[in-house]
Amino acid sequence: MTLDKVSLVYDRLLERYGRQYWWPIVEDNESRYLPEYSNREKTGIEKLEIAIGAILTQNTSWKNAEQTLLELKKKGVLNLESLLCLSHDEIAVLIKKSGYYNQKAKKIKELVGFIQEKLSGRIEQLSMSGSDKARNELLSLWGIGRETADSILLYAYDMPFFVIDAYTRRIFYRTGLIDGDEEYDDLRFYIESSLPKDIAVYKEYHGLLVEHGKIHCRKTPSCRACPLADICVYYESNAM
DNA sequence: CGCCAGGTTGTTG
DNA sequence: CAACAACATGGC
């Protein structure tokens with residue numbers, strides 16, 4: 001029954017918000033959500049952009065991360081070579097708008113160093129590793145936690161990992177699907193096992209949860225016209 | 001103006 | 001292992 005609920009929530013959100021076509025690509029001063037981009041295999045530079053974006057948006061609004069990505073692009077440094085050459089301090093200045101710029105500069109250096117090692121050929125390519133191995137390798141990097149790793153693997157490498165973020169936890173908690181204090185991977189397994197093992201569904205569902213979290217299921221909920229009102233145990237008819 | 005944002009790591013009891 | 005602090009800017 002809760003198994004059905006995971007799918008029910010998906011259907012409701014899809015019906016309300018429509019396809020999301022995640023992950024967004026920043027272009028012409030805004031984020032774009034394009035079916036032709038979402039569906040196709042990513043190029044190396046696109047994978048890098050997704051990974052950097054995943055780091056920049058850690059506990060930070062996408063608006064801020066988006067602006068940073070745009071500036072990095074305009075300055076022509078959103079590529080492996082540039083990021084490898086730039087110093088920690090130079091990167092920190094460039095990404096200031098995304099907050100936590102010292103930590104994130106370190107994380108970016110870690111990541112590009114890792115990718116460089118992979119591409120140098122001494123080590124097998126990330127995409128050639130098994131999915132679980134690739135995940136563990138990303139998790140071994142300083143600054144890459146579960147959500148960031150899963151975002152990179154799902155959206156850049158088309159690997160079947162469901163991304164659990166703050167919105168996912170909040171929405172599933174309020175709709176009574178979870179207790180709220182589950183371990184990340186326990187929650188991930190639960191959701192993955194409740195859904196068809198379909199990359200497109202994983203991508204879409206996470207995008208829908210974020211959209212719903214921004215519009216209705218905010219920290220202080222805005223329940224009027226919520227598409228999940230009838231199945232939400234925390235529905236507050238008075239909440240705006 | 002205060003609250004919050006698509007987390008992760010390090011420290012402490 | 002759980003709780004908590006630290007990290008930081010910009011949008012609304």
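From a predicted model like this one, the values you see are computed outputs, not experimental measurements.
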List the atom pairs, with distances to 0.1 Å, where a side-chain N or O of residues 112-121 of chain A and a protein N or O form a donor-acceptor pair under 3.5 Å, not counting sequence neighbours.
residue, atom, partner, partner atom, Å
A/Lys118, NZ, A/Glu124, O, 3.2
A/Lys118, NZ, A/Glu137, OE1, 3.0
A/Lys118, NZ, A/Glu137, OE2, 3.2
A/Ser120, OG, A/Glu117, O, 2.6

Side-chain donor-acceptor contacts of residues 226-233 of chain A below 3.5 Å, not counting sequence neighbours, with atom names and distances?
residue, atom, partner, partner atom, Å
A/Asp230, OD1, A/Arg12, NH1, 2.8
A/Asp230, OD2, A/Arg12, NH2, 2.9

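Backbone-only engagement by A/Tyr101 is indicated by non-hydrogen atom pairs under 4.0 Å involving sugar-phosphate atoms exclusively.
Counting only residues at least two apart or on different chains, the ring pair (Phe, Tyr, Trp, His ring centres under 6.0 Å) pairs with a member in residues 38-97 of chain A are A/Trp23-A/Trp62. Among residues at least two apart or in separate chains, salt bridge (charged side-chain N to carboxylate O under 4.0 Å, His left out) pairs with a member in residues 144-160 of chain A are A/Arg135-A/Asp150, A/Arg146-A/Asp185, A/Asp150-A/Arg188, A/Asp158-A/Lys203.
Taking atom C1' on both B/dT8 and C/dG11, the two are 23 Å apart, rounded to the nearest angstrom. When the P atom is used for both C/dC7 and B/dC1, the distance is 23 Å, rounded to whole Å.
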If pairs are Watson-Crick or G-U with both distances under 3.5 Å, what is the dot-bracket string of DNA chain C, marking crossing pairs with [ ] and pairs to another strand with |?
|||||||.||||
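The side chain of A/Lys107 approaches B/dT8 more closely than any other nucleotide in the set B/dG10, B/dA5, B/dT8.
If you check the side chains of A/Lys104 and A/Thr60, you find a donor sitting under 3.5 Å from an acceptor. For the 3.5 Å distance criterion, the side chains of A/Ser7 and A/Asp4 fail to qualify, holding no donor opposite an acceptor.
For the residue pair A/Phe172 and A/Leu209, the shortest heavy atom distance occurs at CE1-CD2, 3.8 Å.
Cation-pi contact between A/Lys197 and A/Phe162: absent, since separation from the ring centre below 6.0 Å together with deviation from the ring axis within 45° is not met.
Taking only side-chain nitrogens and oxygens, A/Arg170 comes nearer than 4.0 Å to OP1 or OP2 of B/dA5.
Protein chain A contacts DNA chain C over a range whose 5' and 3' limits, counting nucleotides with an atom under 4.0 angstrom from a non-hydrogen atom, are C/dA2 to C/dG11.
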